[in-house]
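Down below is the structure, laid out as structure tokens.
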2 protein chains.
Amino acid sequence: MASTIKDIARVAGVSTATVSRVLNHLGGYNEDTEKKVMAVAKALGYRKNENARSLVQKSSKTIGVIMPEVTTAFYGDIIKGIEDVAYEYGYSVILTHAGSQGSRIQESMNLMGERRVDGLIIVSVELHEPAMESLLSLDVPYILISTKTKREDAPYIKVDDERAAYTAVKYLIDHHHRTIGMAGANPEDPIAGAPRINGYIQALLDHGIKVDLNLIKAGDFSFESGKQAMQAFLEDQAKITAVFCASDEAALGIISACFERQISVPEDLTVVGYDNSKVSSMSIPPLTTVAQPLYEMGKAGCSKLMDAIIHHTSIESQVIAHELVVRQSVKKLS
Amino acid sequence: MASTIKDIARVAGVSTATVSRVLNHLGGYNEDTEKKVMAVAKALGYRKNENARSLVQKSSKTIGVIMPEVTTAFYGDIIKGIEDVAYEYGYSVILTHAGSQGSRIQESMNLMGERRVDGLIIVSVELHEPAMESLLSLDVPYILISTKTKREDAPYIKVDDERAAYTAVKYLIDHHHRTIGMAGANPEDPIAGAPRINGYIQALLDHGIKVDLNLIKAGDFSFESGKQAMQAFLEDQAKITAVFCASDEAALGIISACFERQISVPEDLTVVGYDNSKVSSMSIPPLTTVAQPLYEMGKAGCSKLMDAIIHHTSIESQVIAHELVVRQSVKKLS
DNA sequence: TTGTACGCGTTATCAT
DNA sequence: ATGATAACGCGTACAA
């Protein structure tokens, strides 16, 4: 059984108060007693009990992270960013996922409450109203990463998906593509779906290209949905020269479907992805894609949260700049 | 500020003892008082304080997970498996990573100790002796996933890398490949490196093929190391017809390098990966690879740990079966 | 400089 | 069936 400050006090012949002071370097004691206490602590293999500390300090030095059920390197990067700064501040990270379609989200919130987390980060999960209420009832600072809610005052950090999509499609237009398809986005998804579709549409409109809704193939951002989209394009005998995808995985799905049919990318078809996930540089051909700075978003989000926790300030939302990473999946028409 | 059982007791006009009993459904009270207490608890928005509970129960209902710094979907799957079963048992997961080359591992262990985790899972990080001592000093059940240590008694769960590598190379030999290269493995890595190399060598020996050490290109399992290996093969003008890679990423590196030089896979060169990570099905061509059941390993590992925590039993190591997933990156010679 | 004593929120023992 | 009350390990006013 682990030793306590009482044990140290007894062995060292001082009071627990003194032990506590020494252990926390609060000053106000002799060098002698300090040395003695430290020595005994080491000898006894003392290790502070954070739970007991949490009780009296009314702070658990812990933050909660709720992420989606799906496990991609995508979230890995964000979480690493979070954990890195939390660690720096001496905070621990409790992790849980929200279950399929967020089924576990209420319970997750509750759990975080019971653990008395000092702050909460929600990554990429959509918050409906009841979940939002649970979140607020926790009464701790929080920030959403790569999500938003209807509530205007909920602080978030994300890229402007509509503008990012716009950038990508404009890039295609600048290279003289005129018949451009879109794949992989779920229009019902108000966070990552609809905005990207809107950006796509707006870019076309702004450049005098009329929008053909048949060229928009809905999906769920997955590899499979990319494959299916390509299949649909072929069945439609669509005359597209390029496809803008709502995710890298969907883009790989397009490429994979092309590969099966001997359609060459980018010679026969241009493909642009979204995310700049690790695979985008490893694909054949390397994928031109929209980059979200995931690790940085995790870091920035957690920094803001720490700031809010420590200084009792409120968090301001932040739109992070996206970037178009040009590789080799786009053919430059003339 | 959150309400406590004292608040409930006061408002409901009973003692804290009774409140505690009701809240924990321990029985031994009137229906009336039960209803009253429950009503007040709800009205006050009561939420139990797990930290306080941990103190008196000497159990934090928490397990710690230490993983490597690198963030791939690989670990995501394992962690999801862990979290799923932990959640089932009502346990929370505290996550931390071990820093680059495990620089933070000692601190991580210490942190887990201070949080009084009931058990610990180490994922894929190599434990040197001092780290091992820290681990044991925590005096809680633990299990290693996808790692081992020199200590025979340290429970682990992993696939037999040597046999898995053997299987993959034998598959190549069965399809009449005779000059087979190996790429991406770090021979200094006693966990994932050396055994895979040994499996490769053993498979060759068992089939009367002499081993050419020049055909073994060391690496760090990364995409880059795969590319470099391919470059080396070309500079050597090696007459290989196939390459066995120690990771899928390295395999993609090989393929990428081939792509740049118009070498076609698998027509001109056969490639086999290792991990069956998500990318292996998305690559061009889809990758034949060795599968480790990551999610299942996470689940199984956590189940064993839970068992050990709850029943105070010890954990037995387990070797999980690997599997060769055949896709389209292998050419069948005759 | 050091010690006493109380409180944090909860469970558990022992009375009643 | 219910209530006092003592822990659990720690921090901290207040005293000395």
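Reminder, nothing fancy here: chain letters follow the sequence lines and each chain counts from 1. Computed from a predicted structure; not experimentally measured.
The stretch residues 2-29 of chain B touches DNA chain D through B/G13, B/V14, B/S15, B/T16, B/A17, B/T18, B/R21, B/G28, B/Y29, each having a heavy atom within less than 4.0 Å of the strand.
Here D/dC10 is the nucleotide among C/dA12, D/dC10, D/dC8 with the atom lying nearest to any side-chain atom of A/N49. If you check D/dG9, C/dT10, C/dT1 against the side chain of A/N30, the one that comes closest is C/dT1. Listed candidates were C/dA12, D/dC8, D/dT12. Nearest to the side chain of B/L55 is D/dC8.
Applying the 6.0 Å contact sphere to CD of B/E129 captures more than 12 heavy atoms from other residues, nucleotides or ligands.
Between the CD atom of B/E50 and the C1' atom of D/dC8 there is a distance of 15 Å, rounded to whole Å. Going from atom CG of B/N51 over to atom C1' of D/dG11 covers 15 Å, rounded to whole Å.
The phosphate of C/dT11 (OP1 or OP2) has a side-chain N or O of B/R53 nearer than 4.0 angstrom. Taking 4.0 angstrom as the limit, B/T33 places a side-chain polar atom (N or O) nearer than this to OP1 or OP2 of D/dT2. A sub-4.0 Å separation between OP1 or OP2 of C/dG9 and a side-chain N or O of A/K58 is present.
With hydrogens and angles left out, the side-chain atoms of A/T147 and A/E126 include no donor and acceptor closer than 3.5 Å. For B/N51 and A/R115, the side-chain atoms include no donor-acceptor pair closer than 3.5 Å. Judged by distance alone, the side chains of B/D84 and B/Y295 do bring a donor and an acceptor atom under 3.5 Å apart. Side-chain atoms of B/E114 and A/N49 include no donor-acceptor pair closer than 3.5 Å.
Nearest-nucleotide positions on DNA chain D place B/E34 closer to the 5' end than the other of A/K48 and B/E34.
The heavy-atom pair separating B/L55 from A/A52 by the smallest distance is CD2-CB, 3.9 Å.
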